[in-house]
2 protein chains.
Amino acid sequence: MTETAVRRSHFTGEAYSARQNAVLESALALLVEGGERALTTASVARAANCSKESLYKWFGDRDGLLAAMITFQSSKVRAEPRPIGEAGLPALRAQLIGIAANLLRVLAGEVSVALNRLAIGQARRDAADLGHLVLEHGRRPIETRLSALLDAGRDAGLLSFDDTREAYRTLYGLVVRDMHVRLLLGDSLDEWSPSARAEEAIDQFLRLYGAEETTGPASKKAGAGNERTG
Amino acid sequence: MTETAVRRSHFTGEAYSARQNAVLESALALLVEGGERALTTASVARAANCSKESLYKWFGDRDGLLAAMITFQSSKVRAEPRPIGEAGLPALRAQLIGIAANLLRVLAGEVSVALNRLAIGQARRDAADLGHLVLEHGRRPIETRLSALLDAGRDAGLLSFDDTREAYRTLYGLVVRDMHVRLLLGDSLDEWSPSARAEEAIDQFLRLYGAEETTGPASKKAGAGNERTG
DNA sequence: GTGGAACCGTACGGTACGGTACGTAACATT
DNA sequence: AATGTTACGTACCGTACCGTACGGTTCCAC
């Protein structure tokens, strides 16, 4: 019963009606506030001022509602037209920093954390429908965008790597580190600057993957991370 | 009611009896197989051939059982006496690679993944008892061990950094990347070599944080990642 | 105005689970 | 042997939730 609901809302990529969007918004707020346990059909109906019957009519199932919440949220985060930057290492660096900071802000967002917790908590050893949905709608867009940028940098002679996917993953690791899992586990990151973190990470990445001639940003010391940015 | 049980089993760090260990082992197997939903008190009692009354007598609560599972698993993973290595960059590199590979193997383990899923799924916006327990028993030991090694490397003039925690986090990011979250979300990492990944990550780390005189392992290209490791 | 469709609010059935109680068997202690 | 302890197995209770059904209301078409 789970598979059908998830698959249906996955393939029918059409957006939902305004009323349904409002219901999904209420459900997201409820999830952020109280976690999965607070996301009962009754509570969603009460919070959204709709009937349970409508919920089942629109989303088919509780799992269908969860899947709809994921796709709905990802559809909100999308957009952001890629500004095809002018060439040059500074421009590339600035674009990478921008995307990295954006990635950090998205990952640290309350709704994103709540949805990732939901998908992870629901995942089993064999099948993890919501997990795959999160990976596909949440991660893949950023990966394609970053990979395209990396390829462009390589084509321009600014970066040097063989496997784009490997380079992307290293970049991701340098930017995100263990922040995501810590957030998911409930660790609070008090005062923390995504843009500063993105800048440091991108500079480290450029030191690793920058073309030999233009070897990253001067000879900045590696351990120059400011204490207040932690 | 949750807090008391968790806190009790958290502070009384003593190990459990052999029978209780067997019960916890059964519970872990059950969790690995079917996720949190399969971890009902009745199913645990049935799988472990014990009574529900004994469960509640030993662990106080269902949450107490969950907390006990985490501490029990971490107590198993511990051990591994640190071999205080001889000095020199190759020795440091080898030790770092060993710890990194061990970290990867632990994180990718079925039980670890299941417990992290459990703690993350249970985490709420405000309080995440199990999450903190996982962070404290699972992550902190590795962090202290790695940090001590990094400090030793700096004292020996092999590494260069100001903030040990920052260096550790960068190392962690280079080693783990997004592997952990992907695993938690249900992505399957088919054929994947922890030791190879650890070696690449440590070499990248040494290129970033190695002292200037001995700048890491030769001038190995950064993009040398093998395709099949993805 | 009238019929119908969509939807809200609530109530209901069925089920599953957490937690407790009770009877009984095995084992240790004296 | 008598007795107390521990723990197993099962039965039981209360509750919470999913999914459905039903009456009432609003809105639109004609």
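Because only heavy atoms are used, hydrogens play no part in the values below, and waters and symmetry mates are left out as well, while side chains stay in. Chain naming here is simple, since letters A, B, ... match the order of the sequence lines and numbering starts at 1 in each.
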key: Donor-acceptor pair between B/Y172 and B/R139 side chains, under 3.5 angstrom   = yes
message = Less than 3.5 Å apart, any donor N or O on the side chain of B/Y209 or B/Q204 sitting next to an acceptor on the other?
response = no
Integer-rounded Å distance: [N] [atom2] and [X] [atom1]:
{"X": "A/L65", "N": "D/dC17", "atom1": "CG", "atom2": "P", "result": "15 Å"}
{"X": "B/Q20", "N": "D/dT6", "atom1": "CD", "atom2": "C1'", "result": "12 Å"}
{"X": "A/R37", "N": "D/dC17", "atom1": "CZ", "atom2": "P", "result": "8 Å"}
{"X": "A/D63", "N": "D/dC17", "atom1": "CG", "atom2": "C1'", "result": "14 Å"}

query = Would A/R169 and A/E143 satisfy salt bridge (Lys or Arg N to Asp or Glu O under 4.0 Å), going step by step from the backbone distance to the final call?
reply = CA-CA 9 Å; A/R169 288 193 166 173; A/E143 173 165 0; 5.8 Å; no
task = Would you indicate what A/R46 reaches in the nucleic acid, counting non-hydrogen atoms under 4.0 angstrom: base, sugar-phosphate, or nothing?
result = nothing
query = If you check the B/T41 side chain, which of D/dC18, C/dG19, C/dG18 turns out closest?
reply = C/dG18
task = Please collect all salt bridge (charged side-chain N to carboxylate O under 4.0 Å, His left out) contacts where either partner lies in residues 99-109 of chain A, sequence neighbours excluded, each pair once.
result = none
Donor-acceptor contacts, no H, no angles, side chain residues 28-40 of chain B, under 3.5 Å, sequence neighbours left out:
unit_1, atom_1, unit_2, atom_2, d
B/E33, OE1, A/R125, NH1, 2.9
B/T40, OG1, B/S43, N, 3.0
B/T40, OG1, B/S43, OG, 3.0

task = Please answer whether the main-chain N or O of A/T144 pairs with a side-chain N or O of A/S147 as donor and acceptor at a distance below 3.5 Å.
result = no
key: Side-chain N,O (B/W58) to OP1/OP2 (D/dA7) below 4.0 Å   = yes
Distance test, side-chain N/O of A/R19 to OP1/OP2 of C/dC8, below 4.0 Å = yes
query = Which residues, if any, of residues 49-57 of chain A bring a heavy atom under 4.0 Å of DNA chain C?
reply = A/N49, A/C50, A/S51, A/E53, A/S54
